[in-house]
Amino acid sequence: MPIESIGPGRRAGQWAAAIAFVTLLALLGAVSAARGPGARAAGTPRPSFLVIQTDDQTAQELDSTWITPLGLRARTMPNTINRIRRRGIEFRRYYVSYPLCCPSRASLLTGRYAHNTRVLGNLPPDGGFSSFQRGPNYRHNIATWLEGAGYRTIHLGKFLNNYGSGGNPETTIPPGWDRWETLTPAGESAYFYGYHLNVNGRIEGPFGDPEYGLGMGQDDRRCRTWAIPGLSCNFLTDSLSRRAVAQIERTPAQRPFYLQLDYTAPHGDPRPPIGPEPASRHYDSAQDTPLPRPPGFDEADVADKPTWIRSLSRFDRTSVRRIRKEYRKTIEAMRAVDDGVASLFAALRRTGRLANTYVLFTTDNGFFTGEHRIERGKFLPYEPDIHLPLLIRGPGIRPGSKSSELAANVDITPTVLRLAGVRADRSLDGRSLEAFWRDTARRTRRPILLESFLDPVSVAAERRGPLPVNPPHLAFRGVRLGPYSYVEYASGEQELYDLSRDPAELHNRAGDRRYARIHSFLRRLLARLEHCRGAGCKRQTAPLPQPRAPGQRLASGPRRRK
């Protein structure tokens with residue numbers, strides 16, 4: 001009916017109704033804003049979160065296989081692949097900004113790059129737990145934010161390097177954690193037996209024989225991720241899995257939880273043979289498994305690499321044997337982690353929580369197994385160290401999804417907070433990844449900063465530890481964007497790789513005239529990012545220039561007439 005035909009009384013009544021409706025919408029909007037971004041409708045239970053983080057695992061090891069006694073190939077981590085990847089999403093281009101244990105873990109906890117966490121290495125004074133404890137992020141991180149919103153927060157396993165030593169009491173519990181079962185002191189963080197745990201402020205242990213090694217002091221081969229009457233089973237990976245199951249079962253049904261399970265495996269331990277300690281039931285199971293030799297293994301031509309790589313010799317038979325032994329022990333150690341994944345999913349299903357729990361699987365940094373002549377080690381800006389697995393399963397994620405969007409460890413905290421409907425009280429350098437599983441074809445030009453603040457003195461100190469690394473090192477800064485990885489070292493040397501054409505990083509394009517425009521673009525971008533904070537770290541770039549075709553002349557201005 002046209003408005004002109006409505007009488008004055010009816011018109012006034014309709015205007016009053018319209019005003020009331022608009023007011024109601026405004027009130028609903030205010031309530032929604034108060035709940036925060038990503039908040040769920042009233043009455044919908046908030047999701048729980050299980051974050052599983054391994055130590056020194058590469059992306060390739062997630063998909064690795066081992067040779068059974070019957071000569072058949074079997075997956076190393078079938079439960080992880082079947083229960084998380086195939087039932088969730090895989091971020092195929094997930095990177096850590098600083099490929100070293102403590103800085104990487106601090107970035108996951110805070111959603112911030114290392115230059116903003118100020119955790120610049122593994123060792124004091126500028127690295128390790130003590131540097132985290134001195135800074136503002138100690139009281140402003142994923143645990144404090146979620147606990148303040150009513151979540152039950154649980155940490156199990158390895159935390160930050162040097163926790164429980166260097167003047168830090170072993171009984172310290174960082175703010176924000178309701179349940180704390182964490183390895184201490186720092187010197188035992190790589191032990192698989194004979195370790196101690198800070199269990200909510202009380203030191204317990206040692207668990208198992210601290211003199212284990214070479215066939216002595218290990219668990220009975222019948223030990224599993226569940227308790228077996230009459231057996232003393234203390235293997236660290238299994239113990240952490242059992243403790244995680246217990247915490248899932250003990251959390252009240254009506255309360256959501258955030259459980260961060262930090263396995264030590266497959267980090268090496270101080271006991272021979274080289275590599276991590278596998279569970280007794282898996283010991284020597286991979287002894288017939290061949291060592292992968294990707295294109296960069298024992299790289300033949302390193303003329304375009306930094307000076308210190310050019311100084312490395314090709315491998316002899318002894319070196320290859322060492323690399324092969326460590327790789328096999330790594331595969332064996334990962335099998336117990338995978339057993340733990342199965343037990344965790346069984347617990348989620350038993351407690352009725354599986355349908356409303358997000359499970360994330362990742363690792364803190366990768367590890368070299370012979371690429372670029374590097375026999376072993378980490379903390380370098382090459383693909384084996386920085387390109388890692390990230391799998392997420394949970395409500396609203398289509399099974400078997402894949403995303404090729406660049407993602408980083410600074411994105412974990414923003415993602416969890418978004419899904420929980422919780423606001424951070426500090427700026428975050430990362431962003432939520434939720435939009436990329438809602439639309440797996442979605443792409444952006446958000447760059448990822450690469451950085452390291454280690455100097456030769458710090459590296460020398462690292463090499464005296466239980467897991468020595470052989471490359472000398474200088475601090476670096478770099479950027480990942482599109483198909484390119486660009487790095488500048490403190491020495492002034494530069495590397496630029498086009499990963500779409502050269503995934504093994506065999507051809508440094510930093511001096512290639514065909515990539516000159518790309519080189520300049522990335523240098524300017526890096527200058528903007530190296531001190532970025534919050535929104536400045538997430539800002540998208542202009543479109544990347546394209547490399548010139550072979551033989552294409554360089555662009556030039558108008559010629560001057562003579």
Side-chain angles (χ1 to χ4, degrees), residues 91-99 104 107 110-117 381-383 385-388 390 402-415 418 427-452 475-489 494-503 505 507-549 552 554-555:
F91 284 88
R92 307 182 77 176
R93 296 204 299 162
Y94 172 78
Y95 286 83
V96 293
S97 172
Y98 189 163
S104 177
S107 288
T110 64
R112 290 178 152 198
Y113 287 118
H115 68 268
N116 290 325
T117 68
Y382 294 110
E383 288 285 288
D385 262 12
I386 62 176
H387 186 187
L388 304 175
L390 175 62
K402 298 182 188 300
S403 173
S404 294
E405 173 70 4
L406 278 173
N409 54 348
V410 293
D411 297 330
I412 300 294
T413 282
T415 301
R418 171 82 182 184
S427 64
L428 302 177
D429 300 337
R431 61 179 181 177
S432 170
L433 298 175
E434 182 184 15
F436 301 100
W437 66 67
R438 296 200 179 281
D439 178 6
T440 56
R442 180 184 174 92
R443 298 288 180 275
T444 72
R445 294 191 300 273
R446 189 280 304 258
I448 294 172
L449 176 68
L450 306 176
E451 56 186 351
S452 168
F476 63 78
R477 59 178 192 161
V479 64
R480 273 290 284 111
L481 179 64
Y484 301 112
S485 181
Y486 173 65
V487 176
E488 297 176 356
Y489 293 91
Q494 301 174 9
E495 291 184 280
L496 170 62
Y497 295 101
D498 183 346
L499 300 175
S500 62
R501 295 177 169 87
D502 178 26
E505 299 170 299
H507 306 290
N508 182 5
R509 303 296 185 181
D512 190 330
R513 298 184 73 189
R514 291 174 297 170
Y515 287 80
R517 290 180 297 185
I518 298 166
H519 190 181
S520 297
F521 182 97
L522 295 176
R523 288 191 71 182
R524 291 194 300 272
L525 175 60
L526 180 55
R528 173 173 73 80
L529 284 178
E530 65 174 326
H531 301 299
C532 72
R533 183 181 296 272
C537 301
K538 294 173 277 199
R539 195 166 75 229
Q540 293 194 54
T541 71
L544 274 159
Q546 296 298 310
R548 293 184 176 87
Q552 182 180 353
L554 294 174

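None of the values given here were measured: they were computed from a predicted structure.
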Point to revise | For the student: nearest non-hydrogen atoms of L544 and G482, plus distance | key: CD1-CA, 4.2 Å

Check your understanding: Using the benzene-type ring in the case of Trp, are the ring centres of H519 and Y486 under 6.0 Å apart?
Key -> yes

Review point. Can you find a side-chain donor-acceptor pair between T415 and E434 that sits under 3.5 Å?
Key: no

**Study point:** Validation row: Y113, C532 side chains within 4.5 angstrom (heavy atoms)
**Key:** yes

Review point. Just checking, any donor-acceptor pair under 3.5 angstrom between side chains of Y489 and E495?
Key: yes

Revision key, fill the gap. Closest heavy-atom pair, R445 versus L481, reported as atoms and distance to 0.1 Å, is O-CD1, 3.7 Å

Point to revise | Y497 and N508: side chain donor to acceptor below 3.5 Å | key: no

Exercise for review: Please determine, by modelled atom types, if H115 and E451 share a side-chain donor-acceptor pair under 3.5 angstrom.
Suggested key: yes

**Study point:** Considering all heavy atoms, the nearest G536-L529 contact
**Key:** O-CD2, 4.0 Å

Exercise for review: Report yes or no: do S97 and R480 form a side-chain donor-acceptor pair below 3.5 Å?
Suggested key: no

Review point. Going by heavy atoms in the side chains, are S403 and R93 under 4.5 Å from each other?
Key: no

Review point. For S404 and R442, does a side-chain donor sit closer than 3.5 Å to a side-chain acceptor?
Key: no

Practice item. Go through the steps to decide whether T444 and R431 satisfy the test side chain to side chain donor-acceptor pair (under 3.5 Å), and finish with yes or no. Key: CA-CA 12 Å; T444 72; R431 61 179 181 177; 3.1 Å; yes

Revision key, fill the gap. Salt bridge (charged side-chain N to carboxylate O under 4.0 Å, His left out) test vs D411 passes for just one of R418, K538, R446, namely R446

Check your understanding: So, E383 versus Y95: side-chain donor-acceptor pair below 3.5 Å or not?
Key -> yes

